[in-house]
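Excluded from the calculations below are hydrogen atoms, water molecules and symmetry mates; all remaining heavy atoms, backbone and side chain alike, are included. So you know, we letter chains A, B, ... as the sequences are listed, proteins then strands, and number each from 1.
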Amino acid sequence: MSARRWRVPRPSEDWFGSRLRSAAVATRVGVWLGICFGLAFVTGIISHYAQAPHQPVPLGPWPAWGYRVTQAVHVVAGTAAVPLLLVKLWSVYPRLFQPWPQRRLRLLVPVLLERAAIGVLVAGAILELGIGVMNVAQWYAWDFNFKRIHYGLAWVVIGALLVHLGVKLPLVRSVLAGDVDETAADRPSARHPGMLSRRALLRSTWLAAAVTVVASTTSAGTIRGLGRLAVLSPRSRRSGIPINRTARQVDVVAAATSADYRCEVVVGSQVTRLARGELAALPQSTHTLPIACVEGWSADGTWTGVRLRALLDHVGAPRGHAVEITSLQERGPDRHVVLHAPFVDDDRTLVALMLDGQTLSLDHGYPARIISPNSPGTLQTKWISRIEVL
Amino acid sequence: MRTTRVVLVLLGAGLLGYGAWLLQHWQTLAQLRQAATWALVGLILHDAIFAPLVAALGWLVSRLFPQAVATALASLGIVLVSLTVGGFAVLGRSGDGGLNHTLLDRDYVSGWLGASIVIVLAYGVGAMAARIGRARGRWRDGIGPGRR
């Protein structure tokens, strides 16, 4: 009896006989995935630019809801992209086992480049969506800087996506021009009907994207009735307006509640120190403005305090200048932020002392915080210690 | 179309290169290595574990159940798997916000379970309604039981 050598079977694209794993499905899902990536990319760039200390063309404070809407779109598009990416990768999975052209360098090089670009696109997209979803839930299981990796990777992914689109454009056009059940672009081995029709697969994908967005939305408390459905939202809003960092987490409780607290306003060499009581004695204004976070949540609050412009007029600061706001917190990227001139001079930008008719709580920035329209939450500095005219 | 393709590829390569420059410019080598490891782990998790598992499940369902049931299960699977993967960052992390009571302030496992039950029931009701609709159609067309 001869001993047979046992070999691990080598996966081949012929193993996948379903017609569902087709260019017709991959292209249609890919169009929506591309739209989601595009929306997330553009809104991400807007957020990044809005937080930049140097803006060649400063963004304005109008409309007050601008940042809230763009960042909700950012997170919704990113969340919807998760099921779309899963189905897209499922539909093209057999391509992973396509044979390489052999012994012909001229054929091998373009295939190698195309596959490398796809590898970068897939790995980048998985990482970008993965850390994005984790950031919304404030789960930082890494040592790298989330904001910078997420931003840099966004350019990599969108670049790899354009390269992929450029390579596949003729196929994309021909597939989209035909019917979804067209089989001309199918792999030769894809001969069996799947468990679903292609139309049913696409409908299920759209439904999955919608369900995932609704269940995970961070806009749960912003849109009436969504709270009960958003069972996977990291923010239920049961405790009111969300907080990103508490006073204890950034170790400002002692400094913020000290009787020696003073808010410094610096104009050139002139320094004016104001106690909270002195800020409260200045003319007060009240505005209802949204506070919006890059993580997608936003909430309206009725803020009362001194107009920042009135405070700067009080100390003789000229108009048309940006200011640097410093927080009592001793570390963290939000300790120093720059508020650009259009926001500084807007009548709705406040050094807020009260929220919804109550003294600011410590976690919302007591003794004083900035609130300005159409601004990222990271620029709404809590626990103000210093305002310096630049 | 050739021009469009060339422009797309060149523009894409440029953006990709810019992103790569940003990544290496802003992070230390150790941080970059960690991010690359995460990307690789994500890729392996998908290509070597998740995708074969889904393929095997699909194969099993197609052989174990009649076509109509398999169709409903496949569609249901897409929705439930998406819901679960979309919620991976909160499932099991209820209360992990610590001092921040506005973060991770739900019972996510119960929420996921409740949503899954509602979705399964909705699929069941939908399948029943479709079946009744088909039966009525057959009666209307005169091919129902007893008229053959």
Side-chain angles (χ1 to χ4, degrees), chain A residues 79 82-83 86-87 89-90 93 96 120 122-124 126-127 130 133-134 136-139 142-145 148-149 151-156 158-163 165-167 169-170 195-196 200 204-205 207-209 211-212 215-216 231-236 238-239 242-243 246 248-249, chain B residues 1 4-6 8-9 11-20 22-23 26-27 30-31 34-35 38-40 42-43 46-47 51 54-55 58 61-62 67 70-71 74-75 78-79 81-83 85-91 93 97 99-106 108 111-112 114-115 119:
Chain A
T79 308
V82 173
L86 288 177
V87 176
L89 292 180
W90 180 86
Y93 189 60
L96 187 63
V120 169
V122 175
I126 292 174
L127 181 63
V133 169
M134 290 171 78
V136 169
Q138 291 198 8
W139 184 10
W142 49 74
D143 296 325
F144 52 78
N145 181 313
R148 290 178 170 181
I149 288 284
Y151 179 72
L153 203 53
W155 290 91
V156 169
I158 216 76
L161 183 63
L162 289 182
V163 170
L165 183 61
V167 172
L169 195 59
M195 283 187 279
L196 297 160
S204 304
T205 305
L207 178 65
V211 166
T212 308
S216 310
V231 292
L232 300 176
S233 168
R235 308 268 185 184
S236 78
R238 286 172 192 150
S239 307
I243 292 158
T246 66
R248 279 190 188 177
Q249 281 174 323
Chain B
M1 185 154 67
T4 314
R5 293 181 69 194
V6 170
L8 281 171
V9 170
L11 181 65
L15 297 184
L16 201 155
Y18 176 62
L22 282 176
L23 290 174
W26 274 344
Q27 304 287 293
Q31 287 174 317
Q34 196 190 31
W38 272 71
L40 201 63
L43 196 64
H46 177 270
D47 286 358
V54 169
V61 167
S62 67
Q67 176 68 30
T71 298
S75 176
I78 293 169
V79 177
V81 168
S82 298
L83 181 74
V85 174
F88 82 94
V90 296
L91 286 167
R93 295 189 65 231
L99 295 170
N100 189 349
H101 300 299
T102 68
L103 179 70
L104 298 168
D105 51 353
R106 284 177 182 267
Y108 295 107
W112 175 85
I119 292 166

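- Ring-plane geometry between B/Phe88 and A/Trp139 is classed as tilted, the angle between the planes lying from 30 to 60 degrees on a 0 to 90 degree scale.
- Ranked by heavy-atom pairs under 4.5 Å with chain B, the first of A/Asp143, A/Val87, A/Leu207, A/Thr246 is A/Asp143.
- For the pair B/His101 and A/Arg238, the minimum side-chain heavy-atom distance is 4.5 Å or more.
- Heavy atoms closer than 4.5 Å to chain B are found in the side chain of A/Leu96, but not in its backbone.
- Interatomic distance, CD of B/Gln31 versus CD1 of A/Ile149, reported as 7.0 Å (0.5 Å rounding).
- With chain A as the partner, the residue from B/Ala35, B/Gly58, B/Gly114 showing the most heavy-atom pairs under 4.5 Å is B/Ala35.
- Residues B/Ile78 and A/Leu196 are in side-chain contact: their nearest non-hydrogen atoms beyond the backbone lie under 4.5 Å apart.
- Between chain A and the options B/Gly14, B/Ala13, B/Ala51, the largest number of non-hydrogen pairs under 4.5 Å is found for B/Ala51.
- Side-chain atoms of B/Asp105 and A/Ser236 include a donor-acceptor pair closer than 3.5 Å.
- Proximity of a side-chain donor or acceptor of B/Asn100 to a complementary backbone N or O of A/Ile243 within less than 3.5 Å is detected.
- Interface residue B/Ala70: backbone and side-chain heavy atoms are both found under 4.5 Å from chain A.
- Only the side chain of A/Ile126 comes within less than 4.5 Å of a heavy atom in chain B; its backbone stays farther off.
- For A/Thr79, no part lies under 4.5 angstrom from a heavy atom of chain B.
- In this structure, A/Tyr93 contributes its side chain and B/Ala55 its backbone to no donor-acceptor pair below 3.5 Å.
- B/Leu91 touches chain A through its side chain: at least one heavy atom from C-beta onward sits under 4.5 Å away, while N, CA, C and O do not.
- With contacts defined as side-chain heavy-atom distances shorter than 4.5 Å, the pair A/Pro170/B/Arg5 qualifies.
- For a residue to count as touching a neighbouring chain, one of its non-hydrogen atoms must lie under 4.5 Å from one of that chain's; by this rule A/Leu162 touches chain B with backbone and side chain alike.
- Counting all heavy atoms, side chain and backbone alike, A/Leu169 lies closest to B/Thr4 at CD2-CG2, 3.9 Å.
- Interface summary for chain B: among A/Val122, A/Leu89, A/Ile158, the most heavy-atom pairs under 4.5 angstrom belong to A/Leu89.
- Contact annotation for A/Ala160: both backbone and side-chain heavy atoms come within less than 4.5 Å of a heavy atom of chain B.
- In this structure the side chain of B/Leu16 never reaches within 4.5 angstrom of the side chain of A/Trp155, judged on heavy atoms.
- The CZ atom of B/Arg93 sits 7.5 Å away from the CE atom of A/Met134 when rounded to the nearest 0.5 Å.
- With a threshold of 4.5 angstrom between heavy atoms, B/Leu15 approaches chain A through its backbone and through its side chain.
- Here A/Val156 is the residue among A/Val156, A/Thr212, A/Val136, A/Leu165 with the most heavy-atom pairs under 4.5 Å with chain B.
- A/Val163 is not listed as a side-chain neighbour of B/Leu8, based on a closest heavy-atom distance of 4.5 Å or more.
- When each of B/Ala115, B/Gly87, B/Ser75 is checked for heavy-atom pairs under 4.5 Å with chain A, B/Ser75 comes out on top.
- In terms of heavy-atom proximity, B/Leu43 sits nearest to A/Ala123 at CD1-N, 3.9 Å.
- Closest non-hydrogen pair, B/Gln27 versus A/Arg148, comes out as NE2-CB, 3.5 Å.
- We find the CD-CZ distance between B/Gln34 and A/Phe144 to be 5.5 Å, quoted to the nearest 0.5 Å.
- Under the 4.5 Å side-chain criterion, counting only non-hydrogen atoms from C-beta, B/Trp112 is not in contact with A/Val231.
- Here the closest heavy-atom approach between residue B/Gly86 and residue A/Val133 is recorded as O-CG1, 3.8 Å.
- Looking at B/Leu103 and A/Pro242, their side chains never come closer than 4.5 Å, going by heavy atoms from C-beta outward.
- Ring geometry for A/Tyr151 versus B/Trp26: interplanar angle of 30 to 60°, hence tilted.
- In this structure, OG in A/Ser216 is found 10.0 Å from OH in B/Tyr108, a value given to the nearest 0.5 Å.
- When every heavy atom of A/Pro83 is checked against every heavy atom of B/Ser82, the shortest pair comes out as CB-OG, 3.3 Å.
- Between the side chain of B/Gln67 and the main chain of A/Met195, a donor-acceptor pair closer than 3.5 Å is present.
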Verdict with supporting geometry, A/Arg235 and B/Thr102, side-chain hydrogen bond (donor to acceptor under 3.5 Å, both in side chains): CA-CA 6 Å; A/Arg235 308 268 185 184; B/Thr102 68; 3.2 Å; yes
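- With a 4.5 angstrom heavy-atom cutoff, A/Val82 touches chain B only via side-chain atoms.
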